[in-house]
Amino acid sequence: MAFYKYDTIEGLNDSREDWILRVRAQAIWKGITKQTGEFRGYNIIFFDDYSSRIHAFITAAIVPQFQKKLEEDQIYELETFKVKTYNGDESNRAVRNDKHIYFTADTKLEKETIPGIKIPKHSFDIFNLEDMEAMKNDNRFLTDIVGVIEDVQPKVSYTKNSEEKSHVRFVISDGRTTLNVTFFNDLGNNFLETYQTADTKPVIIIIACVKVSEWKEVLNLTNFPATRFYLNTDHSAVDMLRQRLAMPNFYVMDIDDDEEVCEVPIMKISEIQKLNEAYVEKKVACEITVKKFDEKMNWYSPFCIECDEDINAVDGKYFCTTKTCQRNYPYPDKRFRLYSLCSDDTGTIPIVWPDDEICRLTGKTVYDVEAEESKVEGRNKIPELLKSFEKKNYKITIVLKDKNVKQGSKVYMASNISNPIEMSGNHSPTQNVNVDVKETELTMISAEKDLICKDFSPPSEKSSNKCRPRISWEDVDNQVAKEPKLKTVKLEKTSFLPNITAMSTTTSDYLRNVNTGRTDWKVKIRIIRQWRIVTRTGQVFKGFNLLLLDSKNCRMHAFVPGGLADKISRMFKVGKLYILKNSQVKEYTEQDKFRAIHMNRKIVFTADTKLKAIDENEIHIPGNMFDLYEFADLKKMATQTLYLTDVIGILHKKEKLNIYEKDGKQQVNIRFKLTDGRKKINVTFWDTLAEDFEGEITGNLEQPIIIIIASGRVTSWKDVNISVQYRLKEPNFSKHQFSTTNKTSPICTISDIKTLGKEFVQEQVVCKAKVKVVEETKNWRKDFCTSCYSETETQNAEQYCNYCKRMVPQPLKRFHVSIVASDESGGIEMILKDREVRILLGKNVEEVENEEDSFPTCIKNLQGMEYSFKVLITEDNVLKRDFDYVVTNIVVGWDFQQEIQQEQNILQNTQSLTTEPSGSSYHLDNMSQLNCTGTG
């Protein structure tokens with residue numbers, strides 16, 4: 001047997017030209033000058049059995065010599081070529097190797113006829129998608145990435161400079177980062193065709209040599225002539241991503257944990273009262289004491305869900321008088337509204353406390369307080385729970401309105417209220433004494449009883465529309481008034497410091513404020529409903545709809561397009577709280593019928609939309625919200641198709657589940673009546689909802705049964721029908737005589753090797769020996785960077801390259817086996833590197849890892865075997881007597897053949913052409929700026 005004769009790509013340098021490689025051609029593309037259309041030559045990406053990659057170039061003048069032999073994915077023997085080093089100022093390099101190959105007239109290229117050591121099918125230098133942001137302004141390299149394909153758009157065709165052009169857009173994600181991709185022209189057409197025929201879904205794509213850029217401030221990946229894509233290919237990166245994809249926590253939305261903050265100036269009350277028009281809609285903060293709440297004012301207010309305005313009782317009924325609504329509210333929603341009198345040492349002002357801050361501080365809604373306060377007689381009596389906020393100190397942020405600074409209104413609206421803080425003094429117009437206090441706790445009173453209100457929307461937390469409890473209250477003799485206990489909160493460590501000039505307040509948006517003007521909205525919401533549209537023929541749309549609710553009790557419809565449906569559906573559960581960031585807002589069109597809520601716009605999820613779960617204690621958002629109509633108003637709703645309707649009523653009469661066949665298909669419905677005590681309506685549920693309703697209604701429910709129907713369709717007055725449907729190439733190659741050199745390696749015994757002098761440094765010798773010991777170490781394999789091929793280290797369970805300063809998601813795995821070999825003269829320690837072990841085992845690291853978890857038996861079985869080793873003598877071996885020797889080649893047994901090589905002068909044709917690089921290719925500008933004039 002003969003030693004393996006091929007060099008490695010990593011070992012190439014510019015000291016010689018008689019290299020011989022065995023490589024696979026991964027990509028071949030033409031180099032064409034963009035400005036002139038001049039053909040400059042062919043570019044090739046080669047990689048060897050180590051998966052080491054290098055860029056090669058064939059100048060146009062010698063292309064005819066090789067053109068018929070060039071074929072992607074083919075394995076070649078490549079011999080006699082120049083090796084050059086990049087200058088460092090080139091752009092859009094396809095490979096990060098700092099060297100590249102130039103073909104000359106003497107270069108020989110031969111298609112492999114006899115299979116050798118296995119060369120992988122592909123070799124990639126994959127980067128994490130999260131690294132793309134840092135690469136958008138770095139035009140030195142193209143990049144390899146892997147991701148799950150989402151939201152493939154139809155092809156867009158257009159004319160540019162009298163030429164027909166097209167592009168295809170889609171989105172990829174690795175679960176943590178989502179990026180837009182655009183393939184132009186032929187590559188886009190090929191992608192669409194291949195994607196549509198892919199068997200396994202979702203499709204995982206590897207894109208090699210993609211360009212990272214930014215367009216309209218959005219990161220985008222685009223193709224260059226070197227770009228290739230691989231769908232569901234047999235590669236470890238694809239396997240690992242698909243395994244992660246199967247996990248429920250695959251999608252991780254990295255929304256900043258730190259709330260966005262804005263600095264708000266802290267002022268005295270006297271200073272606030274003097275502010276001018278420059279402060280309209282601005283926020284200022286003040287540190288005050290709440291003297292009392294005005295008991296002449298209502299502590300809550302009914303409001304219109306549609307227009308968010310307060311409503312009043314008219315003739316005993318609640319009616320919204322705004323021009324856009326003009327409707328009755330049989331069960332108006334309520335929100336806290338406390339009018340406080342607040343002081344500091346400079347004055348006193350009335351401040352209105354908002355609903356969301358009171359809910360946050362108490363952990364309760366208006367309905368909770370109503371149910372628990374048995375002695376609240378009338379609407380004006382402020383419950384003790386709320387009165388407990390009096391005589392305490394707070395930092396309050398107020399929003400200055402036009403009426404405050406222009407019209408002289410002295411009533412201010414609070415937007416943020418801190419937890420109570422302790423300080424001395426009573427804010428009489430005298431000097432206060434500052435006192436620091438330690439952390440203390442307040443505790444909340446528990447509810448008397450959990451209240452149950454059955455509805456048939458998806459399961460969620462507590463509803464804001466609660467049923468009144470059927471509880472009998474006992475009067476208890478209470479001679480000493482006890483202050484009710486509040487929600488457990490830690491008080492801020494603070495003191496009243498008059499010289500504080502600013503404070504930070506967290507900022508987030510509200511659903512009622514989002515509009516089409518921007519996309520960087522950040523809203524805290526609860527997802528209270530999910531549904532899909534079903535056609536009359538039973539076709540289920542892939543995209544789905546969500547109903548969102550925020551802390552201001554505002555609901556909004558959101559739509560998730562089909563291309564994002566699989567991804568987004570794995571990121572949430574109905575009923576939970578989330579931060580929603582980066583979504584598009586669109587106005588409804590006239591064709592948008594049967595809207596779930598009365599609003600003129602909706603949220604549309606995009607590839608940039610992020611959802612992050614938040615804790616229930618972080619913000620108070622009701623478990624549900626309804627826009628209930630009186631039965632008397634349903635006649636008007638039956639004449640329109642723009643909106644669906646919410647109703648509440650008592651179950652009056654129910655028929656049996658009706659199952660029948662129509663047009664060859666099974667139909668299911670159930671009919672029943674609801675009453676509000678004055679009128680009755682007929683209701684029909686269809687299909688799955690009918691079956692679910694039948695299952696729920698037959699349970700042991702408290703009588704009478706009160707039903708809320710959310711988003712029902714009113715079809716007529718005489719037969720009101722509220723229906724909710726769930727439809728959920730081989731060219732011939734010429735032969736060449738490859739040139740050879742006359743170098744042979746001397747045969748030495750192990751004792752000879754130990755005594756070699758410095759004249760043997762960097763030379764190779766051969767010894768015949770037996771493997772006495774295979775060391776069973778944990779480091780029998782090592783990881784290497786796919787860019788620079790340096791050994792990586794483990795950081796946070798990932799591989800990190802110190803040279804490239806980056807995480808390497810798909811490092812190269814290579815054997816590194818330590819043995820002790822001996823002959824009759826002695827023994828030495830040797831290291832078998834990756835290629836040598838692969839020659840012996842016929843397997844790579846991944847194949848061995850998949851077979852065994854512990855130290856591989858197949859490697860252990862090398863022990864006792866006889867081999868011929870070619871050993872590299874290093875400076876440390878000679879000068880420092882380091883007896884760890886690196887094996888560079890190996891043959892089984894002792895009967896081997898040295899390469900009998902005859903030196904053959906390689907004629908340097910004085911008229912031979914200087915090789916040219918690829919030049920500026922289409923979408924590959926400045927690739928030609930390589931130094932090709934140096935000697936070597």
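In what follows, every heavy atom counts, from backbone to side chain, and hydrogens, waters and symmetry copies are set aside.
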Task: Salt-bridge criterion met for K782 and E793 (N-O under 4.0 Å) - done: no
- [ ] Compute the centroid of each ring, for F39 and then for Y42, and state whether the two points are separated by less than 6.0 Å.
- [x] yes
TODO: Applying ring-ring contact (aromatic ring centres under 6.0 Å, His included), name anything that partners H557, two or more places apart in sequence or on another chain.
DONE: W531
Task: Salt-bridge present (E110, K69; N to O < 4.0 Å) - done: no
Task: NZ/NE/NH1/NH2 to OD/OE distance under 4.0 Å, D73 and K121 - done: yes
Open item on the list: Taking the ring of H167 and the ring of F183, is the distance between their centroids below 6.0 Å?
Closed with: no
TODO: Quick one: list whatever passes ring-ring contact (aromatic ring centres under 6.0 Å, His included) with F46, sequence neighbours left out.
DONE: none
Task: Partner of F191 under ring-ring contact (aromatic ring centres under 6.0 Å, His included), chosen from F170, F184, Y230 - done: F170
Open item on the list: When you measure from the centre of the six-membered ring of Y195, is the NZ or CZ of K201 closer than 6.0 Å and no more than 45° off the axis?
Closed with: yes
TODO: Could you walk me through whether F124 and H235 pass ring pair (Phe, Tyr, Trp, His ring centres under 6.0 Å), step by step?
DONE: CA-CA 10 Å; F124 304 111; H235 191 271; 5.2 Å; yes
Open item on the list: Less than 6.0 angstrom from the centroid, inside 45 degrees of the normal: does R806 satisfy that with respect to the ring of F127?
Closed with: yes
Task: D566 and R570 ion-paired at < 4.0 Å - done: no
- [ ] Using the test side-chain contact (heavy atoms from CB on, under 4.5 Å), find all partners of E10 that sit at least two apart in sequence or belong to another chain.
- [x] T8, Y50, S52, Y789, R814
TODO: State whether R22 and E77 are salt-bridged, where the test is any N-O pair (Lys NZ or Arg NE/NH1/NH2 against Asp/Glu carboxylate O) under 4.0 Å.
DONE: no
